[in-house]
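Quick caveat: nothing in here was measured; it's all calculated off a predicted structure. Heads up: numbering here begins at 1 and tracks the sequence.
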Amino acid sequence: MLKHGILGLLNYGDMTGYEIMTVFRHSLNHFWHAQTSQIYRELQSLEKNGWVKASHVEQESRPDKNILSITDEGRKELITWLKDDSGKTVIRNPILMKTFFRGECSLDENIEFFKNLPEKESVFPDGYEDVDSVSREYEKGIKDRIRALYWKFTIDFGVMYEKMLREWSEKCIKELEELKK
C-alpha cells in the first residue's frame, strides 16, 4: 500500500524524497502511517521496479538532490491498483484488539485508557479545525479541484473518525463507571 501512496503523490508532480515525506506527513499520514526509513526504502524498490526514476541535480550552495518522477509503467501500476476492487479490505485495529482483552485490567485502568484514547490516537494531533485550510493549500499546489476534492474526502473521514472515537470512548467510560457503582 505504501508504494501506491508514493506513486500517487508522484503522479501529482516530481518531488525529492524529502518533499514526498513532507507531503505524506501533511496528507496521507492521518490514515496511513509510515516512517521516513520506510518511505526511502520503498522509493528504492519503486526505482528497481521501473515505476520511478531519479534525476540527480547538483546544487552549489546546498547538497545535491535527486528529483523523483513517476514513469509510464509506474502510472499504469497506480491505475491498476486504483481499479482493483477484487479483495475485501480487512480491518486491523490495535485499539480494538486491546479493548477486546481489557477485561484483564482493573476498571480504573480501563477508564483511564478510554479517557486518554481520543488524544493518544488522534489523526490530527494539532486539532482538526484547520484541516480544510490544509486541503485548500494542496489544491493550490496541484491546481486540480477534482483531485483536491478526493483529498478532502479523506480529511472528512479523519474528522468523522475522531468524532466517533471520542463518542465511543465516552460511551465506554460511562458503562465502566456504572459498573463501579
Side-chain angles (χ1 to χ4, degrees), residues 1-12 17-43 45 78 81-142 145-181:
M1 277 283 206
L2 178 57
K3 67 183 171 190
H4 293 105
I6 293 169
L7 287 173
L9 292 177
L10 286 173
N11 196 47
Y12 290 123
Y18 178 80
E19 290 169 331
I20 290 168
M21 183 185 64
T22 302
V23 173
F24 194 99
R25 284 199 177 123
H26 290 114
S27 58
L28 303 176
N29 202 46
H30 72 270
F31 57 85
W32 193 271
H33 183 73
Q35 300 291 334
T36 301
S37 59
Q38 291 173 297
I39 292 173
Y40 280 101
R41 194 169 38 251
E42 199 63 58
L43 283 169
S45 174
L78 176 64
W81 174 74
L82 287 169
K83 291 180 178 182
D84 180 13
D85 62 354
S86 61
K88 182 179 184 216
T89 303
V90 177
I91 296 174
R92 293 181 180 176
N93 189 319
I95 296 168
L96 295 179
M97 180 71 84
K98 281 189 171 185
T99 299
F100 190 86
F101 293 109
R102 289 222 58 97
E104 301 302 314
C105 300
S106 72
L107 290 176
D108 288 332
E109 289 171 321
N110 290 334
I111 289 169
E112 194 63 26
F113 170 80
F114 287 109
K115 281 182 180 177
N116 294 327
L117 191 61
E119 294 306 317
K120 184 177 163 281
E121 296 297 326
S122 175
V123 294
F124 303 109
D126 298 328
Y128 51 78
E129 294 76 25
D130 68 338
V131 294
D132 285 335
S133 65
V134 171
S135 181
R136 284 191 299 276
E137 204 56 40
Y138 277 106
E139 183 179 341
K140 289 179 197 173
I142 61 172
R145 279 187 58 211
I146 300 300
R147 285 181 174 168
L149 181 63
Y150 293 99
W151 286 30
K152 181 186 171 302
F153 290 163
T154 64
I155 290 171
D156 290 346
F157 180 90
V159 169
M160 293 172 81
Y161 174 80
E162 290 231 349
K163 288 179 182 176
M164 182 280 304
L165 188 60
R166 289 184 191 287
E167 289 174 14
W168 178 69
S169 294
E170 289 169 9
K171 180 181 181 305
C172 293
I173 291 167
K174 183 178 176 184
E175 288 187 36
L176 291 170
E177 286 177 340
E178 286 294 318
L179 288 175
K180 288 180 70 172
K181 292 181 182 177

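Rounding to the nearest 0.5 angstrom, the gap separating the CG atom in Leu43 from the CG atom in Leu7 is 9.0 Å. Rounded to the nearest 0.5 Å, atoms CE (Met21) and CG (Leu9) are 12.5 Å apart. Distance check: Thr36 OG1 to Phe24 CZ gives 10.0 Å after rounding to the nearest 0.5 Å. We find the CG-CD1 distance between Leu2 and Ile39 to be 6.0 Å, quoted to the nearest 0.5 Å. Rounding to the nearest 0.5 angstrom, the gap separating the CD atom in Glu109 from the CG atom in Leu176 is 12.0 Å. Glu119 CD to Glu162 CD: the interatomic distance, rounded to the nearest 0.5 Å, is 8.0 Å.
Side-chain atoms of Asn110 come within 3.5 Å of backbone N or O of Arg102 as a donor-acceptor pair.
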Verdict with reasoning, Phe114 to Trp168, per ring-ring contact (aromatic ring centres under 6.0 Å, His included): CA-CA 9 Å; Phe114 287 109; Trp168 178 69; 5.4 Å; yes
Working for salt bridge (Lys or Arg N to Asp or Glu O under 4.0 Å), residues Glu121 and Arg166: CA-CA 10 Å; Glu121 296 297 326; Arg166 289 184 191 287; over 6 Å; no
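Counted within 6.0 Å of OH on Tyr18, heavy atoms from surrounding residues, nucleotides or ligands total 12 or fewer; the atom is thus considered open. Annotation: Met160, atom CE; neighbour count of heavy atoms from other residues, nucleotides and ligands within 6.0 Å does not exceed 12.
Considering only residues two or more places apart in sequence or on other chains, Lys171 meets the salt bridge (charged side-chain N to carboxylate O under 4.0 Å, His left out) condition with Glu175. For Lys83, the salt bridge (charged side-chain N to carboxylate O under 4.0 Å, His left out) criterion is met by no residue, not counting sequence neighbours. By the salt bridge (charged side-chain N to carboxylate O under 4.0 Å, His left out) test, Glu104 is found to be paired with no residue, residues two or more places apart in sequence or in another chain being considered.
A donor and an acceptor atom, one from each side chain of Asp84 and Ser86, are located under 3.5 Å apart.
Across Leu117, Asn116, Ile95, a single residue satisfies side chain to side chain contact (heavy atoms under 4.5 Å, CB included) together with Ser169, and that is Leu117.
Note: Phe153 and Tyr150 have perpendicular aromatic rings, judged against thresholds of 30 and 60 degrees for the angle between ring planes. Relative ring orientation between His4 and Trp81 is described as parallel, the plane-to-plane angle staying below 30° on a 0-90° scale split at 30° and 60°.
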